[in-house]
Amino acid sequence: MINILTDKVKEAVFSLYNQQVDEKQIQLQKTGKDFAGDITLVVFPFLRFSKKKPEETGIEIGNYLQENVKEISGFNTIKGFLNLVLDKKYWIGVFRDMITDPDFGLKKPGSENKTILVEFSSPNSNKPLHLGHIRNNLIGYSLSKIFEANGYRVKKVNIVNDRGIHICKSMLAWQKWGRGTTPETAGKKGDKLVGDFYVKFENEYKKQVQSLIAEGTDKDKAVRIAPIIKEAQEMLRRWEDGDKEVVDLWNRMNGWVYKGFDKTYKALGVSFDKIYYESDTYKTGREIVLSALEKGILFKKEDGSVWVDLSEKGLDKKVLLRSDGTAVYMTQDIGTAYQRYDDFEFFRQVYVVGNEQNYHFQVLVLLLNKIGYAWAKDIYHLSYGMVELPEGKMKSREGKVVDADDLIIEMIDTARDMSEELGKLDTYSEKQKEEIFRIIGLGALKYFILKVDPKKNMTFNPEESIDFNGNTGPFIQYTYARIKSVLRKAVEKNIEIQNETNTGFDPNKKEIELIKILAGFPKIVQDAAGQMTPAVIANYCYELTKEFNQFYHDFSILSVDDYETRNFRLQLSEITGYTIEKCMGLLGIDVPERM
RNA sequence: GGCCCCAUAGUUCAAGGGAUAGAAUAGCAGUUUCCUAAACUGUAGAUACAGGUUCGAGUCCUGUUGGGGCUACCA
């Protein structure tokens with residue numbers, strides 16, 4: 001519709017004022033809430049052509065459009081705004097499209113014939129997942145659904161940082177104080193157990209540093225020479241040499257962690273098409289760096305370390321291989337990116353990584369470009385904001401974190417308490433009930449996080465986030481359950497919904513309003529992909545839900561005698577429920593049949 | 001020190017340079033003989049400060065203040 005109007009406005013200006021206008025000057029937008037009309041044209045840009053007052057210009061263009069566009073049934077102008085009213089028949093036409101096309105708003109998977117890679121999660125293998133990872137996972141997962149809905153082939157990938165000093169710290173602490181503990185003997189998830197040893201290491205390390213300082217060593221030196229950190233570094237060297245004992249322990253403990261991660265991923269409802277491990281990709285990275293060094297793209301310092309100079313781009317020099325030849329984070333990321341292009345020939349690669357790594361990705365892209373990879377330009381860093389707690393930033397070293405598993409359980413518990421109190425599910429089996437509690441609890445958590453624009457920092461207040469009223473997941477789920485309930489009642493009453501709507505049918509204002517919102521779904525799906533934000537979907541879904549609740553409150557559906565009205569309202573309810581389900585699906589949120 | 005990001009009701013979030021800045025929550029006041037009241041209705045409350053660009057600025061530019069991040073031969 002917007003496209004048709006854009007052309008017609010161009011025509012109008014040409015025929016009225018004999019001027020060509022640039023499409024950028026044609027601003028068509030949704031009419032504001034308190035004004036009559038559906039689409040508004042901003043006429044200010046045309047004043048220099050018409051040489052008339054804004055209102056007169058608006059009326060002239062309005063007249064032209066009404067005569068030449070059959071869907072326009074009227075218009076009004078207020079100041080420089082031309083509000084166009086679309087005919088009810090037009091809206092009923094759109095409504096029929098929605099009803100006949102179950103995939104309304106969604107493109108066929110793979111119709112774009114382009115592959116987008118979405119990297120998310122990217123955990124370290126030395127500690128459990130926390131709230132920050134939850135935001136990361138939810139954004140990444142939702143985004144891949146949104147890309148799919150726009151017709152792209154999507155590959156969800158994860159990179160595990162399984163190599164480096166951090167994992168050696170956990171390993172060392174386990175050797176020292178573990179006494180052979182395993183997740184089984186400790187009765188603990190593997191990632192939790194390994195995380196505990198990481199904390200043990202850090203505590204001991206801190207102690208050693210403090211006593212060194214007390215003995216008169218200065219702080220910087222103490223941090224470097226504490227015996228336990230020396231041991232950890234030695235262990236890392238042995239790992240890089242392939243020392244069997246170290247590698248075996250590394251494999252064993254990582255295995256525990258992955259098992260734990262799998263549980264958390266499963267509980268969150270996210271999955272991956274391919275998991276990369278830094279321990280595999282860092283070697284590729286090193287080869288690339290070495291060959292680039294030969295070509296003179298990089299340079300070597302006297303001590304043998306390899307660097308890239310990005311000062312011409314306004315950035316610093318950056319180390320790529322240490323003087324002992326070992327790889328750093330950046331080296332590994334070069335290797336991973338290369339590997340992925342080799343695997344998938346992506347049209348675009350989106351990294352869902354926190355904004356504290358903005359600099360890292362800026363360097364990565366410039367570097368890949370410098371090395372000569374044409375696909376470097378197709379890399380996009382979706383830099384999401386930090387999740388803060390009301391008392392400030394989470395600090396994993398100080399144990400000030402919200403654990404992912406704990407949070408999920410807490411949300412489900414709250415859903416259970418609330419549901420039992422309301423007592424609407426008393427006739428269901430325990431198993432059925434638990435499934436509903438899970439859907440609600442997770443829905444609350446996911447929606448709370450995804451409704452915020454990824455780019456922005458957000459505050460997570462544990463008390464407020466478990467509120468299930470207002471702009472929340474459960475509010476939307478509740479509306480869905482009510483719609484389902486009405487549809488079930490219709491079946492009980494032997495009322496069959498006919499898939500037809502007479503163009504002569506005259507919906508009331510609220511019904512038209514709902515159709516208008518429903519008709520906006522395809523654009524929302526596109527916008528969400530374009531702006532790479534699930535929040536667009538969440539806010540749309542909330543708006544739709546609220547509108548439906550008002551309709552539901554004000555009008556009867558089943559008890560209407562007039563066949564046509566009742567059938568129309570049932571269709572409207574069905575399509576609203578279906579659209580809610582699609583939206584929530586794009587967010588990775590399930591909807592319950594009842595609650 | 002240098003570079004980057006952010007600042008909207010008490011609080012948590014919205015607002016592609018466009019109309020009277022939307023919601024939610026907390027507060028106050030209401031709505032259940034009727035399809036699920038986890039609902040609906042009403043009420044009050046905000047663009048950090050100072051300039052500038054523009055017909056028009058929460059949005060763009062400059063400065064100030066306040067907050068966060070990066071600036072490792074950690075990942």
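Heavy-atom basis, side chains included; hydrogens, waters and symmetry copies ignored. Below, chain A is the first sequence line, B the second, and so on; all start at residue 1.
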Say whether, by atom type as modelled, one donor and one acceptor occur between the side chain of [X] and the main chain of [Y] under 3.5 angstrom.
X      : Y      : result
A:H360 : A:M330 : no
A:T31  : A:D38  : yes
A:Q477 : A:D590 : yes

Taking [M] as the reference, what is the distance to [N] when you measure between their [atom1] atoms (whole Å, please)?
N     : M     : atom1 : answer
B:A46 : B:G68 : P     : 27 Å
B:C40 : B:C34 : C1'   : 15 Å
B:C4  : B:G17 : C1'   : 24 Å
B:A75 : B:C70 : P     : 16 Å
B:A24 : B:U43 : C1'   : 16 Å
B:A15 : B:A9  : P     : 15 Å
B:G56 : B:G10 : C1'   : 32 Å
B:U71 : B:A48 : P     : 30 Å

Provide the Watson-Crick or G-U wobble partner of [N], both distances under 3.5 Å; none if there is no partner.
N     : value
B:G45 : none
B:A21 : none
B:G66 : B:C6
B:C40 : B:G30

In terms of relative ring orientation, are [X] and [Y] parallel, tilted or perpendicular, with 30° and 60° separating the classes?
X      : Y      : value
A:Y258 : A:Y277 : tilted
A:Y552 : A:F548 : tilted
A:F448 : A:F460 : perpendicular

Base, sugar-phosphate, or nothing for [X], non-hydrogen atoms under 4.0 angstrom?
X      : result
A:Y329 : base
A:Q332 : nothing
A:D324 : nothing
A:F361 : nothing
A:F468 : base
A:T479 : nothing
A:I440 : base

In whole Å, what is the span from the [atom1] atom of [X] to the [atom2] atom of [N]?
X      : N     : atom1 : atom2 : answer
A:L389 : B:U12 : CG    : C1'   : 14 Å
A:E547 : B:A39 : CD    : P     : 16 Å
A:K313 : B:C4  : NZ    : P     : 17 Å
A:K484 : B:C35 : NZ    : P     : 20 Å
A:R237 : B:C74 : CZ    : P     : 11 Å
A:K317 : B:A72 : NZ    : P     : 13 Å
A:M386 : B:C70 : CE    : C1'   : 11 Å
A:E593 : B:C35 : CD    : P     : 20 Å

Check: Along nucleotides 13-24 of chain B, 5' to 3', which nucleotides get a B, which get an S, and which get a -, given that the test is a protein heavy-atom distance under 4.0 Å?
Finding: SS-B-BBS--SS

Look at the side-chain N and O atoms of [X] and state whether any lies under 4.0 Å from the OP1 or OP2 oxygen of [N].
X      : N     : result
A:R322 : B:C74 : yes
A:R224 : B:C74 : no
A:R48  : B:C55 : no

Margin query: With nearest nucleotide decided by heavy atoms, which residue, A:P474 or A:G164, maps closer to the 5′ end of RNA chain B?
Written below: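 Residue closer to the 5' terminus by nearest nucleotide: A:P474.
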
Notebook entry, point to check: Mapping A:H360 and A:K318 to their closest nucleotides on RNA chain B, which lands nearer the 5' end?
Noted result: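 Going by which nucleotide is closer to the 5' end, it is A:K318.
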
Notebook entry, point to check: Do the ring centers of A:Y447 and A:Y542 come within less than 6.0 Å of each other?
Noted result: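 Judged by ring-centre distance (under 6.0 Å), A:Y447 and A:Y542 do not meet the cut-off.
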
Check: Looking at A:Y17 versus A:F46, is the centre-to-centre ring distance below 6.0 Å?
Finding: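 So the answer is no for these two rings.
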
Notebook entry, point to check: So, A:S121 and A:N137: side-chain donor and acceptor under 3.5 Å apart, yes or no?
Noted result: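 A pair is found: one side chain offers a donor N or O, the other an acceptor, under 3.5 Å apart.
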
Notebook entry, point to check: Are a donor atom and an acceptor atom from the side chains of A:N358 and A:S383 found within less than 3.5 Å of each other?
Noted result: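 Short answer, yes.
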
What pairs of nitrogen or oxygen atoms, one from the protein and one from nucleotides 41-48 of chain B, lie under 3.5 Å apart?
unit_1: B:U41; atom_1: OP1; unit_2: A:Q550; atom_2: NE2; d: 3.0

Item checked: Syn/anti state for B:U32 [syn: chi within 90° of 0] ->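 B:U32: syn glycosidic orientation.
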
The side chain of [X] is closest to which nucleotide in this list: [options]?
X      : options             : result
A:Y478 : B:C35, B:A75, B:U36 : B:U36
A:I165 : B:C74, B:A75, B:A39 : B:C74
A:A481 : B:C35, B:A75, B:U36 : B:U36
A:L558 : B:C40, B:C35, B:G68 : B:C35

Note to self: Check this for me: A:E421, atom CD, are more than 12 non-hydrogen atoms of other residues, nucleotides or ligands nearer than 6.0 Å?
What the structure shows: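 Not more than 12 within 6.0 Å, no.
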
Margin query: Quick check on A:K455: does its NZ atom have over 12 non-hydrogen neighbours (other residues, nucleotides or ligands) under 6.0 Å away?
Written below: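 Counting neighbours around NZ of A:K455, more than 12 heavy atoms of other residues, nucleotides or ligands fall under 6.0 Å, so yes.
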
Notebook entry, point to check: Within 45° of the ring axis of A:Y282 and under 6.0 Å from its six-membered ring centre, is that where the NZ or CZ of A:R163 lies?
Noted result: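 Yes; both conditions hold, so A:R163 lies above the ring face of A:Y282.
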
